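Encoded as structure tokens, the structure appears first; notes follow it.
Given the structure is predicted, the values throughout are model-derived calculations rather than measurements.
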Amino acid sequence: MRRRSLLLAAVPAGLVTLSACGDDKSDSSKASDSASPSASQTSAAPPPKIVDGPLPAITAGVKFGEKPTVAKGSGDPSDQLAVKTVIAGSGQTVAEKDFIWANYLGQIWDTAKVFDNSYDRKTPLFIQLSQGSIIDGWRYALTGKKVGSRVEFSVPPTWGYGKEGQSQAGIKGTDTLVFVVDLEDTFNSKSSAKGTDVPQDDAKLPTVGTNTDGKAPSVKIPKVDPPKELVANYVIEGDGAKVAADSTVVVQYVGVVWDTGKEFDSSYSRNAPTSFSLQQVVKGWAQGLTGKKVGSRVLVVIPPSLGYGDNPPSGSGIEKDSTMVFVVDILAAS
């Protein structure tokens, strides 16, 4: 699992960390705390052979983005990785160590018991295809596939949860798992906003770089007092769907303190985009991004009343009653 962001999210105590591994959990899937494809430990198994089958039929929900119904496995499953591209997409090719944005359903071969799915939660999974972040079956099955594809694959214990299984989800150490995955999008450390530059003509607001090369944009703070109200302006305007107040977003961002210009948090420094729900972040983030279009770069200036006020996170480098400045690239939203 990659290093977590220190800031942004707010709980009653004022702070919550952001995770790359299965932040899409909700009450709609009781098993999701334990059965998402996040790896519990790094597998030492050699790469599997990729074979064509056998794989059970998808009997309903056959379109991309629809929750599938999958038949029970017939006979013995392969002891290797059976992979089938059910629907071939035409988008970007997924590379190992990319961060994928995907809907999925997982069930047990022998029983057809569904142990987890993201469709009911209405939030795709955001996770890195890297060893130790996700079960190896996912890495090997999805690397090289294109965005827009539906991929069905079976994962024997060797490249799944191992001999220990996942008891909380009802997965035994001998169970082969079947997954159907809809690849919604893929990202890497260079993912950036895509859109039209918007004039920055207010001298009382920070000036933001418009580079889209994957490097952190520059943020130049003017030598004036910060605004007392929330500011949320396009720097680059995308043409995607508008973010809702309860959306989960995938973003690249950098945060600095207005008074000092000092950076206190950045996804760029971690070489990884991040994902979180707007219901988990400080009010200024949620209000600033709501209504903005996917693909955009947004300047968000957050006054203390909508940020951390007089109780900033310890060790964050943010003083009491600080105005925070964020530049956020909205890469995806659900």
- Query: With no hydrogens and no angle check, is any side-chain donor or acceptor of Asn117 less than 3.5 Å from a backbone partner on Tyr119?
  - Reply: yes
- Do Thr186 and Asn188 touch side chain to side chain, with heavy atoms closer than 4.5 Å? no
- Message: Using the rule that Ile, Leu, Val, Met, Phe, Trp and Tyr join whenever any side-chain heavy atoms are under 4.5 Å apart, tell me whether Ile171 and Leu105 fall into a single cluster.
- Response: no
- Item | Test item: Ser133 and Phe99 side chains (from C-beta on) under 4.5 Å apart, heavy atoms | no
- Message: Would you say Val224 ends up clustered with Val300 if hydrophobic residues are merged whenever their side chains have heavy atoms under 4.5 Å apart, either directly or through other cluster members?
- Response: no
- Message: Quick check on the hydrophobic clustering: are Phe276 and Val282 connected, directly or via other members, by side-chain heavy-atom contacts under 4.5 Å?
- Response: yes
- State whether a side-chain donor-acceptor pair under 3.5 Å links Tyr161 with Asp175. no
- Query: Side chains of Ser334 and Phe126: does their closest heavy-atom pair fall under 4.5 Å?
  - Reply: no
- Query: Between Asp329 and Leu331, is any pair of side-chain heavy atoms under 4.5 Å apart?
  - Reply: yes
- Query: Do Gln252 and Ser267 have a side chain donor and acceptor closer than 3.5 Å?
  - Reply: yes
- Query: Going only through I, L, V, M, F, W and Y residues with side-chain contacts under 4.5 Å, is there a path from Tyr140 to Tyr104?
  - Reply: yes
- Item | cation_pi(Lys292, Tyr234) dist<6.0 Å, angle<=45 | yes
- Query: In terms of ring plane angle, is the pair Phe153 and Trp138 parallel, tilted or perpendicular, where the classes change at 30° and 60°?
  - Reply: perpendicular
- Can you establish whether the number of heavy atoms outside Asp76 located under 6.0 Å from its atom CG is more than 12? no
- Item | Common cluster, Tyr268/Phe187, ILVMFWY with side-chain heavy-atom separation under 4.5 Å | no
- Ion pair present between Lys63 and Asp182, side-chain N to carboxylate O less than 4.0 angstrom? no
- Message: Is the shortest side-chain heavy-atom distance between Arg121 and Asp116 below 4.5 Å?
- Response: yes
- Do you know which two heavy atoms are closest between Leu142 and Val151, and how far apart they sit? CD2-CB, 3.9 Å
- Neighbour count >12 (heavy atoms, 6.0 Å) for atom CG, Asn211: yes
- Query: Who are the salt bridge (Lys or Arg N to Asp or Glu O under 4.0 Å) partners of Lys67, not counting sequence neighbours?
  - Reply: Asp120
- Answer yes or no: are there more than 12 heavy-atom neighbours, outside Glu66 itself, under 6.0 Å from its atom CD? yes
- Query: Checking Trp159 side chain against Pro46 main chain: does a donor-acceptor pair fall under 3.5 Å?
  - Reply: yes
- State, to 0.1 Å, how close Ile87 and Val62 come at their nearest heavy-atom pair, and which atoms those are. CD1-O, 3.6 Å
- pair Ile302-Tyr308: side-chain heavy atoms closer than 4.5 Å: no
- Message: Between Lys320 and Asp310 (salt bridge meaning N to carboxylate O under 4.0 Å), is one present in this structure?
- Response: no
